[in-house]
Amino acid sequence: MSRRDAPADRNGHAVPTDLATEQRYVARLYERLDTLRVETVALRDRYIRDSDNTPGGRVERDIAYARHAASLVALTAAEDRLCFGRLDFTDGDRAYIGRMGIFDDRGDHQQLLMDWRAPSARPFYVATAAAPLGVQRRRHLRTRRRVVESLADEYLDVSDLDQADLARVTAADPTSDGPLLAALNAPRTGRMGDIVETIQAEQDRIIRADHRGVMVVQGGPGTGKTVVALHRAAYLLYTHREQLMHRGVLVVGPNETFLRYISQVLPSLGENAVVLTTPGELFPGVRATALDDPAVAAIKGRTSMAAVLANAVLDRQRMPREPITVPFGGAPGGALTADRALLERAQQRAWHSRLPHNQARRLFLRSVLDQLLRQLVERLEQGRVRAGGESGDRLVFTQDDRDSLRRELATDPAVAAALSRVWPALSPQQVLSELYASPRRLRFAAPDFTDRQRALLERPVAEHLSDTVWTVSDVPLLDEAAELLGDVPDAARGQQDRERAERTAYAQEVLDLMDTSPDGEGEGLAGMLGIVSAADLAERQEELVSLTSTAERAGSDREWTFGHVIVDEAQELSSMAWRVLMRRNPLRSMTLVGDLAQTSDPAGAASWQKVLRPYVRDRWHLEPLTVNYRTPEEIMAVAARVLSRIDPRLQAPTSVRATGVRPWRRAVTDPAGLVPAVVRAVTDEAEQLGERQLAVLVPDDLVGPVRRALATALPAATTAPGTDLPPQVSVLSVRQAKGLEFDVVVVVEPGRMVQASQRGWNDLYVAVTRATQQLGVVHTGRVLAELAELEPR
């Protein structure tokens, strides 16, 4: 028996040698997890029950509740596959690896389970036989619920094994699937899973990289870009929790389907201070899913649209050529006059402030009102209107009189209406909607655009602004307009101010109680009183209570800045969308994952350097992912031929496996028979699906017809059996399939995909690389040369 197989290690711990012993150890871990959960619930409930009776009790209760609620989320998430590995070191020590750190509640509180993100757990992912990092054996535990189902051992250092054990190790079945291949060959579920058990060395390097600066993860299809980015979010929140918890991490995905697909990954890793969103939701209050025509999207995505919007706002500050009449019942004749010189003086004063439009408007109105007040007082003092006295008496106005008159002017609806026509309060939606609806405004705002480009932007205004349908390409423009306009005083802003005032008033009561506490409870805080204000305490309370509501706060606050931003399919973002994200992350702490060969959006990126240089110059670095874990060799051979049409210099990622199943194609001679042929092909595949997922990827105009036909032919498979589960057979456009994966994929009319846009080959490349097991193609007409080698059916 080897030293590693001795019944105890140097610390006296029993060393498991078989499945039953590992099961006992895992059961002990779950007992401790259950205890922690009960203790956390008790602590939470104690604060809720008791803290209202103490000074500052409500603050303490809310803080404690948020903290313990977050802990419960992590403890619940750790339930599934709590422990998945063990490291046996050559020095006789050992460590179990799992989803969270767990310590013994007895004696010296020794660590029973090490969090996968801890630095000491890294050898589990990166140790090799060439560089064992002190590891003799790496053991993978495959569990289901709380049961250990199987073990898989990797010996990295066999120098300490005796001859019998060495023979046993070398006699292990070399054809059995390791944990990685087992995970890759498992059926898709319609939800992305985590990879904490199978993180590979090149992925681990990216996950644990420093959070500062901008990292671009460039990788082809199936290289694990998305799941690596999500695990990086979990790692950063674990390692830099104090910096990131209150600001949160923003994860931007290409569409809502994608967000549903990844929605379980971070909760399963015990993290909830993460906001998931799409480019169409980056502007609070707008949830855009509609897409512009590619030519329109290309124009809206250009950086020059920032200047267009600046001009559009400037156009709304245009001073009239003729004097304007300002109705006011208290003036002689019932009106005052604002001439061009008066208005231009007020305009210059507002411009010199360099404030956004709506804030500068306040200065403009103040300046105009000051001048109108002087005009009014002069008229009244000249005796044109008197309150008593002999004819010719001259009225003399005190400062109180002037203040009263000014308030009357400022609150008079007729005065406000007249001045609003000169410098109106504007919302981003109003500016953009009215810009699109006015050829004159478009000519002024976009003088460098061609007539055709301006015509592409034209769109009639909706009868009600709230009825306007915004596109994904409009969202960055709305955010840019908001930056130029500033806040519009409204009921929501007033409500926020009132709530903040209530919190501050309550915090002051807390401080007063601490200061006057008769039982001496406030004595320890005596040094703090006078240093910490009620506003400080209210702000601190708001921050701490938000531990479990980062998403809600960030989602409603356009000026929220995140501690770290992760963008998936980053190559799809337009230049205007990048401006939005940079405003959300002024520290420039970002992880961007994408593949330039998969760029589909007409305003998307062709070069990372071109995208990032305006914001970070050369202060970014590239991390390549080169191994394809999703797509088998047979399908990647097809994808490589498509990739060569995009750029012959590009190299497809290397697949780690082969399935022995050749991709197939089915030709349809009559275009009218295309949809029935797709139904037949999918029906044939559905008979062999079992638990697997199938996707039919079609040109945009075929999504509806194919979906309806399949819903009739396969109603059970095309309708999700659960409330939020995806159907077993999905019909998607290529854009909707971005970032997703399926067991089987049927691509319909690849030739039309190629012809649909300038980046049609990129779309086809995306389509043929979504499958983990099998690929089929249904087409009319001549097959593309790049697909000619597919097996005919």
Side-chain angles (χ1 to χ4, degrees), residues 184 188 219-226 254 569 571-572 594-600 628-648 650-667 678 681-682 685 692-700 702-703 706 729-757 759-793:
L184 297 178
R188 305 300 99 175
T223 53
K225 301 183 297 296
T226 299
E569 302 291 345
Q571 77 279 354
E572 298 299 320
D595 180 13
L596 296 176
Q598 297 185 62
T599 303
S600 297
N628 188 322
Y629 300 99
R630 173 205 301 150
T631 318
E633 290 178 357
E634 295 84 355
I635 297 176
M636 278 312 297
V638 179
R641 293 193 289 271
V642 176
L643 182 63
S644 67
R645 287 298 304 263
I646 300 171
D647 187 342
L650 296 176
Q651 184 72 34
T654 303
S655 295
V656 299
R657 65 194 174 100
T659 61
V661 180
R662 288 187 59 191
W664 55 266
R665 64 180 177 88
R666 178 174 293 180
V678 172
V682 172
E685 294 294 337
R692 297 185 298 170
Q693 296 279 321
L694 183 149
V696 185
L697 305 186
V698 300
D700 291 347
L702 286 179
V703 171
V706 173
V729 176
S730 303
V731 180
L732 303 167
S733 68
V734 176
R735 186 165 185 140
Q736 292 170 330
K738 281 275 184 177
L740 307 182
E741 62 180 22
F742 308 89
D743 298 288
V744 180
V745 169
V746 176
V747 178
V748 179
E749 288 289 59
R752 285 171 59 179
M753 289 182 182
V754 169
Q755 296 170 3
S757 73
R759 288 176 165 164
W761 285 105
N762 301 60
D763 287 340
L764 182 56
Y765 184 58
V766 172
V768 299
T769 55
R770 299 302 96 196
T772 66
Q773 301 293 334
Q774 190 170 353
L775 171 68
V777 172
V778 179
H779 65 92
T780 59
R782 292 185 59 184
V783 65
L784 294 172
E786 290 72 19
L787 306 179
E789 295 185 16
L790 272 64
E791 183 176 295
R793 281 193 179 180

- Which distance, rounded to the nearest 0.5 Å, do you find between the CG of Asn762 and the OG1 of Thr599? 6.0 Å
- Please examine the side chains of Val778 and Arg665, heavy atoms only from C-beta on, and report whether any two atoms are closer than 4.5 Å. no
- Pro653 versus Gly220, closest heavy-atom pair with distance: CG-CA, 4.0 Å
- Message: Going by side-chain hydrogen bond (donor to acceptor under 3.5 Å, both in side chains), name the residues that satisfy it together with Ser600, two or more places apart in sequence or in a different chain.
- Response: Lys738, Asp763
- Side-chain ion pair, Glu741 and Arg630, N-O less than 4.0 Å: yes
- Task: Ignoring hydrogens and angles, tell me if any N or O in the side chain of Glu633 forms a donor-acceptor pair with the backbone of Ala658 under 3.5 Å.
- Result: no
- Give, for atom CE of Met753 and atom NE2 of His779, the distance between the pair rounded to the nearest 0.5 Å. 13.0 Å
- For side-chain contact (heavy atoms from CB on, under 4.5 Å), just list the numbers for Gln773 and Val661, CA-CA rounded to whole Å, side-chain angles, deciding distance to a tenth of an Å, and then say yes or no. CA-CA 8 Å; Gln773 301 293 334; Val661 180; over 6 Å; no
- CG-OH distance between Leu643 and Tyr765, expressed to the nearest 0.5 angstrom: 4.5 Å
- Item | Non-neighbouring partners of Arg752 that pass side-chain hydrogen bond (donor to acceptor under 3.5 Å, both in side chains), sequence neighbours left out | Asp701
- Message: How long is the straight-line distance from CD of Glu634 back to OG1 of Thr659, given to the nearest 0.5 Å?
- Response: 4.0 Å
- Where the side chain of Ser655 meets the backbone of Thr631, is there a donor-acceptor pair that is under 3.5 Å apart? yes
- Message: Are the side chains of Trp664 and Leu790 in contact, using a 4.5 Å heavy-atom criterion?
- Response: no
- Evaluation steps, side-chain contact (heavy atoms from CB on, under 4.5 Å), between Val748 and Leu697: CA-CA 6 Å; Val748 179; Leu697 305 186; over 6 Å; no
- Message: Between Glu789 and Arg641 (salt bridge meaning N to carboxylate O under 4.0 Å), is one present in this structure?
- Response: yes
- Item | Test side-chain contact (heavy atoms from CB on, under 4.5 Å) applied to Asp743 and Leu694, step by step | CA-CA 6 Å; Asp743 298 288; Leu694 183 149; over 6 Å; no
- Give a yes or no answer on whether the side chain of Asn628 reaches the backbone of Pro221 with a donor-acceptor pair at less than 3.5 Å. yes
- Start with the C-alpha distance between Leu764 and Leu784, add both sets of side-chain angles, then the distance that settles side-chain contact (heavy atoms from CB on, under 4.5 Å), and finish with yes or no. CA-CA 11 Å; Leu764 182 56; Leu784 294 172; 3.7 Å; yes
- Item | Validation row: Glu572, Pro254 side chains within 4.5 angstrom (heavy atoms) | no
- Message: Looking at every heavy atom in both Gln571 and Gly594, which two are closest together, and how far apart are they?
- Response: OE1-CA, 3.1 Å
- Message: Between Val777 and Pro663, is there a side-chain heavy-atom distance shorter than 4.5 Å?
- Response: no
- Any ion pair linking Glu685 and Arg793 (charged N to carboxylate O, less than 4.0 Å)? yes
- Query: If only atom types and distance count, is the side chain of Gln736 paired as donor or acceptor with the main-chain N or O of Ser733 below 3.5 Å?
  - Reply: yes
- Kindly compute the distance separating CG (Leu740) from CG (Leu732), expressed to the nearest 0.5 Å. 7.0 Å
- Task: Indicate yes or no: at least one non-hydrogen side-chain atom of Thr769 is less than 4.5 angstrom from one of Ile635.
- Result: no
- Message: Distance alone, cut at 3.5 Å: any donor-acceptor contact between the side chains of Gln693 and Ser730?
- Response: no
- Query: Among all residues two or more places apart in sequence or in another chain, which pass the side-chain hydrogen bond (donor to acceptor under 3.5 Å, both in side chains) test with Glu786?
  - Reply: Arg645
- Task: Give a yes or no on this: more than 12 heavy atoms of other residues, nucleotides or ligands lie within 6.0 Å of atom CD of Glu791.
- Result: yes
- Task: Starting at CG of Leu650, measure out to CG of Leu596 and round the result to the nearest 0.5 Å.
- Result: 8.5 Å
- Query: Are Thr772 and Phe742 side-chain neighbours, meaning at least one heavy-atom pair lies under 4.5 Å?
  - Reply: no
